[in-house]
Amino acid sequence: MAKDIEKQIERLREEIRGHDYLYYVLNQPKISDRQYDKLFAELRKLEEANPQFITGDSPTQRVSERPLEGFTNVRHAVPMLSMDNTYNADELRAFDERVTKQLGSKEYDYVVELKIDGVAISLLYEDGILVTAATRGDGEVGDDVTANVRTIKAVPLTLLGRDTIPAVLEVRGEVYMPTSAFIELNKLRAEAGEPAFANPRNAAAGSLKLLDSRITAARNLSFFAYATGEISEPLADNHYRTLQRFQRLGLPVNPDIQRAKDINEVIDICFSWSEKRLKLGYLIDGMVIKINRFEQREILGATGRAPRWCISYKFAAEQAETIVESIDVQVGKSGILTPVANLTPVQLSGTTVKRASLHNFDELNRLGVRCGDTVVIEKAGEIIPQVVEVKKELRPAGTKPFKAPQKCPNCGSAVAKDEDGVYIRCLNPGCLGQLKERLKYFAGRGQMDIEHLGTALIEQLTETGMVKNFADLYKLQKSELAGLERMAEKSAGNVIDAIEASKTRPLWRFITALGIRHIGGQSAQILAEHFGSLDALMNAREEELGSIDQIGPTMAESVYEYFRNPANRTVIDQLLAAGLRPQQPKARLRQKGKLAGKTIVVTGTLENFTRQQIEQAIRQAGAKASSSVSKKTDFVLAGENPGSKLDKARELGIEVIDEKQFLQLIE
Ligand code: IVH
């Protein structure tokens with residue numbers, strides 16, 4: 001019986017891995033997302049009922065529940081070098097001439113690839129299982145980011161056995177953030193008052209360096225493999241065939257890789273991408289040109305920092321000139337006034353640009369932008385249009401500097417500049433402009449996710465005075481809504497149903513939705529997990545808030561102040577009275593077994609488990625993995641080179657066990 005279940009679990013895993021391969025590697029899914037989710041749910045259910053069969057390489061085990069304490073170092077067996085750059089055809093030809101000279105003939109071919117603008121990653125597979133993922137670091141030593149990389153669905157946790165797999169296979173490639181994910185992430189961050197990432201590369205790098213891999217998992221990163229590092233036996237004698245083998249092993253390879261027989265073909269391919277690249281869905285900052293045959297790469301060798309067998313070709317940043325027709329000042333949900341330039345529409349990197357944020361009045365003054373100015377715009381990371389320069393010599397006569405408003409453009413109340421900040425804010429808590437933005441955010445997808453409650457309806461609800469705060473949404477009656485202009489009976493019903501459905505959103509979403517300054521989705525998740533209930537969070541002392549990992553003093557103060565404000569308390573009371581039940585989902589734990597309910601601290605390196613795996617094993621045993629030793633600790637599990645935690649355990653007289661004993665206890 002148990003054997004049957006185990007077999008069934010393995011069959012489901014194989015099936016899911018097969019669909020991952022079709023989706024991520026071949027780009028040819030055979031089933032719908034829904035069918036996929038069903039298979040996944042089936043596997044998860046079976047595993048939950050039979051936790052003894054859960055293994056680290058199961059598709060369900062990508063995300064670790066426990067935050068890391070920090071990143072350890074990984075020394076690269078083969079250094080991760082950088083690349084020399086070229087910027088035009090002449091420089092590419094000069095590179096080709098150097099190659100011809102060194103190889104002593106023209107008998108060689110190239111592979112031309114997109115230069116993905118992300119973060120270089122090394123993936124170490126041992127016997128086909130992903131054991132370590134590391135960043136490039138300084139080329140010699142990088143950071144161990146295994147827990148975070150495991151959450152990237154395009155990265156296989158096990159290689160597919162379609163081919164013989166070398167015992168040691170280090171795969172190198174690029175982790176990147178697709179443009180759509182980047183835009184979405186920055187939108188959420190802006191709404192939460194968190195600084196935006198400048199470009200998808202920074203966003204990808206930042207996401208890999210998070211201590212909590214559940215947050216990384218939500219970042220929608222992806223991956224392309226493009227090289228090998230350390231390897232017990234070569235996969236092929238040239239690069240192109242190596243990439244083909246990668247594919248058969250289940251590793252995603254960029255579909256736009258081309259072979260070129262000489263430098264003229266290389267140049268044609270490079271030029272052909274200067275426009276096409278804008279339609280890719282992810283950013284590339286150039287092309288990479290590589291000698292195909294490994295034997296010839298050997299002859300060419302490397303200088304200290306870069307190989308002589310490859311070179312990059314970089315695209316110039318695209319810019320456009322246009323005119324600032326007017327400058328609007330927008331009010332955000334926390335009262336921030338943002339100047340936005342309305343531009344004469346202009347084409348830039350494939351889209352028409354009509355508006356550009358000037359961010360704040362300090363930035364506006366630094367640029368010296370005036371209405372009527374001719375400005376140079378550029379897309380930051382080719383996505384968000386930015387004003388980078390004012391052509392002062394083209395300024396028409398009679399223009400005046402744009403002054404920051406003395407009053408809120410929306411409600412006419414007083415404004416003030418943040419102490420030691422750049423933002424100017426409307427100080428009126430009752431400002432209708434702010435209320436609209438707060439409600440839009442509250443109802444937004446990452447927060448309470450209230451379908452059908454869009455901008456137009458929010459405008460109507462606030463302007464008629466029907467909604468003055470979040471709680472008023474839950475008091476709305478269908479008949480009242482149906483009385484609004486352009487609102488049919490059926491749509492009114494849909495709105496009411498959607499509002500009703502939002503009552504059971506999890507705690508972290510509710511905390512995010514409140515729009516507490518400096519608290520976005522990520523920090524809300526940390527708070528929800530720490531406190532477990534809204535009540536505990538509302539009554540938390542400032543010191544406790546500040547002592548939480550990743551909650552800085554500014555956030556702690558902001559949360560504390562928010563819940564001390566009687567107006568906020570009243571609205572929350574009304575929300576609860578209306579039936580909102582924001583709750584922290586409870587992790588399901590094994591109820592029986594020798595370790596159930598125990599608290600275990602791990603120190604040192606273990607033979608059979610990575611840090612993530614051991615924490616998972618502890619959780620599956622129904623126990624809790626904790627990071628520091630205290631009187632509440634039941635066991636300390638000590639591996640090789642244990643740290644000060646072992647001393648502490650001895651000091652407190654806590655039982656110390658080794659890996660073997662642990663394995664016996666979980667049997
Ligand atoms: S091959 C010796 N192929 O570009 C370097 N790198 O500027 C061998 N990159 O650190 C790397 N796309 O992060 C290679 N198709 C591609 C690439 C690529 C992006 C990055 C990589 C590297 C950087 C060098």
Side-chain angles (χ1 to χ4, degrees), residues 74 76-87 91-92 95 99 110-123 133-143 145 149 152 154-155 170-179 199-209 221-231 235 238-240 242-244 246-247 251-260 266 269-270 273 276-277 280-294 296-298 300-315 381-382:
V74 174
H76 300 299
V78 180
M80 290 179 83
L81 299 181
S82 51
M83 231 185 289
D84 288 331
N85 298 322
T86 61
Y87 296 90
E91 289 174 7
L92 279 172
F95 162 75
V99 172
Y110 287 111
V111 175
V112 185
E113 301 178 4
L114 306 182
K115 188 167 188 301
I116 318 293
D117 202 6
V119 181
I121 281 289
S122 142
L123 306 177
T135 60
R136 177 173 180 273
D138 63 4
E140 301 281 340
V141 176
D143 282 321
V145 288
V149 168
I152 304 171
V155 172
E170 183 195 346
V171 176
R172 292 181 177 175
E174 203 83 354
V175 166
Y176 65 96
M177 185 177 284
T179 314
N199 51 51
R201 179 173 13 91
N202 288 2
S207 305
L208 285 179
K209 297 303 277 292
L221 296 170
S222 199
F223 173 76
F224 284 126
Y226 53 59
T228 50
E230 186 191 14
I231 183 158
L235 292 175
N238 75 29
H239 181 58
Y240 198 77
T242 302
L243 297 178
Q244 288 175 327
F246 274 0
Q247 285 221 328
L251 290 157
V253 172
N254 188 281
D256 290 309
I257 289 172
Q258 280 177 274
R259 273 178 295 188
V266 167
I269 295 172
C270 288
W273 279 100
K276 271 196 293 188
R277 70 188 166 117
L280 278 169
Y282 50 86
L283 289 190
I284 62 171
D285 59 338
M287 305 294 290
V288 183
I289 297 100
K290 302 174 177 174
I291 289 287
N292 191 16
R293 279 172 53 190
F294 292 149
Q296 291 171 326
R297 289 187 179 186
E298 287 288 318
L300 292 164
T303 65
R305 58 176 287 276
R308 290 200 197 83
W309 48 261
C310 87
I311 196 107
S312 82
Y313 166 78
K314 294 263 208 159
F315 300 119
E382 282 130 47

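Residue indices begin at 1 and follow the sequence shown. In each ligand, atom 1 is the first atom listed, and ligand 1 is the first ligand listed.
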For Arg308 and Leu300, indicate whether the former's side chain and the latter's backbone hold a donor-acceptor pair under 3.5 Å.
yes
Kindly say whether Arg136 contributes a backbone atom to a donor-acceptor pair with the side chain of His76 at under 3.5 angstrom?
yes
Compute the ring centroids of Phe224 and Tyr282, then answer whether they are less than 6.0 Å apart.
yes
Are any of the side-chain heavy atoms of [X] and [Y] separated by less than 4.5 Å?
X	Y	answer
Asp256	Glu113	no
Leu208	Val149	yes
Lys314	Thr86	no

Kindly give the heavy-atom pair with the smallest separation between Cys270 and Ile289, and that separation in Å.
SG-CD1, 4.0 Å
Among all protein non-hydrogen atoms, which one is nearest to [atom], and what is the separation to 0.1 Å?
atom	result
atom 4 (O) of ligand 1	Lys115 NZ, 3.3 Å
atom 17 (C) of ligand 1	Tyr226 CE2, 3.4 Å
atom 8 (C) of ligand 1	Met83 CE, 4.4 Å

Close-contact set for ligand 1 against [X] heavy atoms, below 4.0 Å:
X	answer
Leu81	2 (C), 5 (C)
Ala120	10 (O), 13 (O)
Pro307	2 (C)

Hey, does [X] sit under 4.0 Å from ligand 1 if you only count heavy atoms?
X	result
Ser312	no
Leu114	yes
Ala227	no

Among residues at least two apart in sequence or on other chains, which ones pass ring-ring contact (aromatic ring centres under 6.0 Å, His included) with Phe246?
none
Contacts of type ring-ring contact (aromatic ring centres under 6.0 Å, His included), residue Phe95, not counting sequence neighbours:
none
Sub-3.5 Å N/O-N/O distance, Ile116 and ligand 1:
yes
Short N or O distance, Glu174 and ligand 1, threshold 3.5 Å exclusive
yes
Taking 4.0 Å as the limit for heavy-atom contacts, which would you say applies to Glu113 with ligand 1: side chain only, backbone only, both, or neither?
side chain
At under 4.0 Å between heavy atoms, is it the side chain or the backbone of Ser82 that contacts ligand 1, or both, or neither?
backbone
Nearest option to atom 3 (N) of ligand 1, as decided by whichever heavy atom of Lys314, Met287, Lys290 sits closest
Lys290
